[in-house]
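Residue numbering restarts at 1 for every chain, and letters A, B, ... go by the order of the sequence lines.
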Amino acid sequence: MFKEVNSNPDFPKLENNLLEKWDKNNTVKEYRDKNIDSGKTFSFIDGPITANNPMGVHHAWGRTYKDLFQRFYTMLGHEQRYQNGFDCQGLWVEVEVEKALGFKSKKDIQDFGVEKFVNLCKERVNKYSAVQRDQSIRLGYWMDWEDSYFTMSDENNYSIWGFLKQMNESGKIYKGTDVVPWSGRSGTSYSQMEIIEGRKLVAHKSVFIKFKLKNKNNEYALVWTTTPWTLTSNVSLLVNKNLNYAKCKLKNDEIYYVAEKNIKYQRLEKEFKEKREWVEGVPKLKTIAQLFNERGGYTVEKIIKGSDMIGWEYEGPYDEFKATKIDGGFPFTNEKLKDEKINAIKCHKIYDGGKDQEGNDVVTSGEGTGIVHTAPGCGDIDYKIGQKNNLVALAPLDEEANFIENFDWLKGKNATDSKTIELILEDLKNKDLLFYTELYPHIYPHCWRSGDELVFRLVDEWYINMDWRNDIKKSVDEINWVPAWGKQREHEWLNNMGDWMISKKRFWGLALPIWQFEDDSFYVIGSKEELKKLAVEGWKEFEGNTPHRPWIDKIKIKHPKTGLIGTRVLDVGNPWLDAGIVGFSTLQYRTNKEYWNKWFPADLISESFPGQFRNWFYSYLTMGTAISKKTPTKNIFSYALVRDESGAEMHKSQGNAIWFDDAAEEIGVDVIRWLYTRQNPEINLRFGPSIANEIRRQVIIPIWNIYSFFTNYAILDKFTPPQNLKSPNPTNLMDKWILVEMKETSEMVKEYLKLYQPDKAALSVENFINLLSNWYIRRNRRRFWKSGKFENNTKIDLDKYSAYETLYFVLITLSKIMSPIIPFITDEIYCNLTNEANWKKNSVHLEDFPAFNKKNKDDEQLQIATRAAMRISSLGRSARSKSQIKVRQPINNLLFKSKQQIDPKYLEMIKEQVKDEVNVKNVNIVNENYKLSETNITLNKSVLGPKLGNKMGDLIKELNNLDNDLLIKNLREKDYVNINNIELSIEDFNIEHYNLENTEFIEDNNYEVSIETKLNPSLIDEGSSRELIHNIQNLRKDSGFNISDKIIMTYSSDEYLKNIINKFESHISQEILATNIIFEKSETGDNAFQINNSNIFISLKISN
RNA sequence: GGGCCAGUAGCUCAGCCGGUUAGAGCGCAGUCCUGAUAAGACUGAGGUCCCAAGUUCGAGUCUUGGCUGGCCCA
């Protein structure tokens, strides 16, 4: 016997009960073992989730997909690994630990002790990986939670060592000196990948500075910069040799050189006007001409070419600093220039900016002055130009972005501190070099963790030379990307990216296995074994620890060739190395090649696309291609971002972030999973309670209602599951039809999921649920209500049984095909409905995905006929509402035409259905020539007038002689007619329909429908009786009676209604559950109604 | 400045390979049903499919060029 179904359940509670049940029955294990020897595999390789905080609802989106696809392939019989991954190493973990400890800088960590700090990082990861595991379980994510991989594992780290050694053996690892974005707070450089995360619109104090030209009297190059602190390290100036420069003389006789076009150029005009990329409160920028005019006006004395200025010497703004006088630059020394006794001051000349890598001019007109200050130690382009022009570099900042020695009074001051900027400006003003300061809005890189501005520092970092990127691009081409444009996006990144910076001057992460020697050589270790072999010091302290700082730092090795003793570089690795290696580290690549071959390449990897093209997809593809020489995955499925209900980004600080735990318990995870699955993955998803409520009402509750309807009646009627679960073969056409629809839906879901289009799969299920609920169930309710139980096989009502059998099979099938999406209620439904079946599995999740034959022609005809019945009913109701005849009022006739051929064998079914739906006595199809409406055709003069001009008159005359009906027929058949040698199409006419007498006509693309609006007395009487029943039912409800309460009705009325009641007494009694209807003459009563101009007073009481 | 994606009803979004009069949900107005009942159904109003040109018998759909927004890269 089925368990009775609560028609209004608490879904989150139901989900939690199921979690307990699954746990108790070990269902997940049984699920994982389902296909263990099936011979077919599906390899999903998980992109690790950062185990640093509890999950947000956005994580649940991706995990819903991951679970969905794995469940689907489980149902298709594929063996899988079900391995989840946690991302453990990297700055983001350090940041949280620092926060917890109240640390402000990198130095605090060193003072605290690296070992203690690293251990806290590990603890944090262990803590939150467990939290995320539990949350994932709550989501219904069925993984092998005992077997999750952790990127901090020895295996993962040593696997990366192997990769780096391989890279080094092909000469791809190098130490580069470069100017890189740097966070003073974090004390580390930022990779190309990370810097993109932290771009922010800010208003900086930008300055116009006078650079005094040597050997000229009172002449200056005017220079503009947004980073005044870099002026301390100025080395050269750049112009564009092809631009025109104006020699401007001011009122005070000072002469300024600026690019001619720039003088009147309105900087950031568009941004200011549209207030896009503009910072509130920043005033409009002035033109250079305005600045000159404010100083009393200017005259342009001469126009010269940029090329004429090349070679001019100038005095730098900070030539008094010791650093500028150090030969070879400071603190990095260019030995060649040192030997030539070249210092910064000697470099102070104007150079040509030339072109960048893309072939664009480095110096352009527009913003600024057309003369650019360069500080090769403070900017990446500056550095490249410095190298090209053989210039020294001054790199003024230390790890914390403070000025270093030889920068005189600035020593120890922080470059991003606004006070420092003020001091510099003050100093420039005192030197009379400051021409103008302003606030300038622009997008500038910031530290993604602290929000602090980044600076650019000249430092040593380690890189992988990516000149072999074409190998990766080949892999990219061979992958099926969903969405398809992902391929192009990945190519774009691969084309534009620089070499991969893999080092980070931090503590918690992959220990780069690079040891350096006094002769400036380095050696890359590829495994723990190799390390042990080459170690000459520190092995004892290291042994037993993970390959992390600080333990690993203790080891010194002897170079196998030179015999020199080296120490490890203190850097840790880029965290995307950790995630990129998992195609090997998690698949026993180093120990069991057979296993690895079984599971590599992946069938599927999946992550959210913003970011991943340059992060995980990139590192996975790079490492996968390099090591395996294969394309490392067959499919990449990616999706957009979760936003709040109004489309805004969710932020903790803005209070619109939703926590997963709250969402799960308040909304329920089936609702969440359906919401996620039905979303077009390319589009940002809006998430919130009202959207979730809509999904619950639209999808989850209808399913539940169908299920509870079926089950509760099945209990009453003692319906039991069939001996074998196979598709029924009913004779009832509606049963037949819903099975056709269901099978089609099932096959569509399968196809869509194979194509990685889960949204389409979900939407096709929604469509089916709508048909099932709003047509099949609604139209068939009475078959379930008929009396007669099934318990003792005698006198079974076969039609009633067919309805049960059909709906049962539909529900079981539906629970299967929806189970990958909403694993909770589907299992609830399945388990309850199968609890006595001898063929049952312990869970719907142990079932296979249904397989059905394609629908045949007959099925299709049945589908067409049923759709026709629905549509004609709808048009019939529409006609009723146009002629203001309520559905309660029966009408005599409905006639329809169909453009689509309807199989005659289904005609009777259509008639029956329409009769019932529209409350009409007779329904008939009529042929093409039968007139359902009066039509009037006129010329559309507003269209034809301009086309025909004076021919119109004749045409109008001609038309009057033609048979309207014939004309319309011709137009419909051929789309055009020829009158007076003029070709006219249907658009050239206005066709109006008029109702024939006593009818209401309506049409759509496929059908014409006409209802008879004339009512005879017998119809009116029947209408009155139904009106009466309706009023009494409302009264019952208002009186608070139970649905099953029997009543006694007493009434007083006019003759008319009295007669109606007498005429329809048995029907009325049955409908309102009256045991007795008593007429009692009186002039007043509690409840008065007027029906058809006749009055009635009614009182009801419960009969005992 | 370059690339990608999008622009369809008041809102959120479907619309396949080009094919009659462009759809859904929500919201709004109204009606119905009362044995799925703190549900449910139906009907209606509401659209220059961003603009322009082109290809075509036919364009929301294809092409080109603009405009607007988002993302990515400089």
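Side-chain nitrogen and oxygen atoms of A:S878 include at least one within less than 4.0 Å of the OP1 or OP2 phosphate oxygen of B:rG44. A sub-4.0 Å separation between OP1 or OP2 of B:rA41 and a side-chain N or O of A:N774 is present.
Taking atom C1' on both nucleotides, B:rC17 is separated from B:rG2 by 32 Å, rounded to a whole Å. Only the P atoms considered, B:rA59 is 11 Å distant from B:rG19, to the nearest whole Å. Spacing between B:rC11 and B:rG47 at atom P, rounded to whole Å, works out to 12 Å. Spacing between B:rU64 and B:rG25 at atom P, rounded to whole Å, works out to 36 Å. Across the C1' atoms, B:rA24 and B:rC49 are found 16 Å apart, a figure rounded to whole Å.
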Produce the list of close N/O pairs, under 3.5 Å, pairing protein atoms with atoms of nucleotides 16-20 of chain B; give distances to one decimal.
none

Nucleotides 24-29 of chain B: which of its N/O atoms have a protein N/O under 3.5 Å away?
unit_1	atom_1	unit_2	atom_2	d
B:rG25	O3'	A:Q698	OE1	3.3
B:rG25	O2'	A:E694	OE2	2.4

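A:K487 comes within 4.0 angstrom of no nucleic acid atom, judged by non-hydrogen atoms across all strands. Residue A:S708 is out of contact with every strand shown, counting any heavy-atom pair closer than 4.0 Å. Base engagement by A:R489 is indicated by at least one non-hydrogen atom pair under 4.0 Å involving a base atom. If you check every strand for non-hydrogen atoms under 4.0 Å, A:N680 touches sugar and phosphate atoms only.
Legend: side-chain hydrogen bond (donor to acceptor under 3.5 Å, both in side chains) pairs involving residues 702-711 of chain A, not counting sequence neighbours, sorted by first then second residue: A:Y707-A:N832.
When the side chain to side chain donor-acceptor pair (under 3.5 Å) test is applied to A:E1027, the partners found at least two apart in sequence or on another chain are A:R888. Listed by chain and number, the residues in a side chain to side chain donor-acceptor pair (under 3.5 Å) with A:E607 are A:K66 (sequence neighbours excluded).
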- prompt: If the sugar-phosphate is the primed atoms plus P, OP1 and OP2 and the base is the rest, what is the B/S/- string for nucleotides 5-11 of chain B, using protein heavy atoms under 4.0 Å?
  reply: S------
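Taking the nucleotide of RNA chain B with the nearest heavy atom to each of A:I701 and A:R643, the more 5' of the two is matched to A:I701.
For the pair A:K886 NZ and B:rC42 C1', the computed distance is 15 Å after rounding to whole Å.
If you look at A:Y639 and A:Y676, their ring centroids are not closer than 6.0 Å.
Across B:rG3, B:rG40, B:rC73, the shortest atom-to-atom separation from the side chain of A:E492 is found for B:rG3.
A donor-acceptor contact under 3.5 Å links the side chain of A:S773 to the base of B:rA36.
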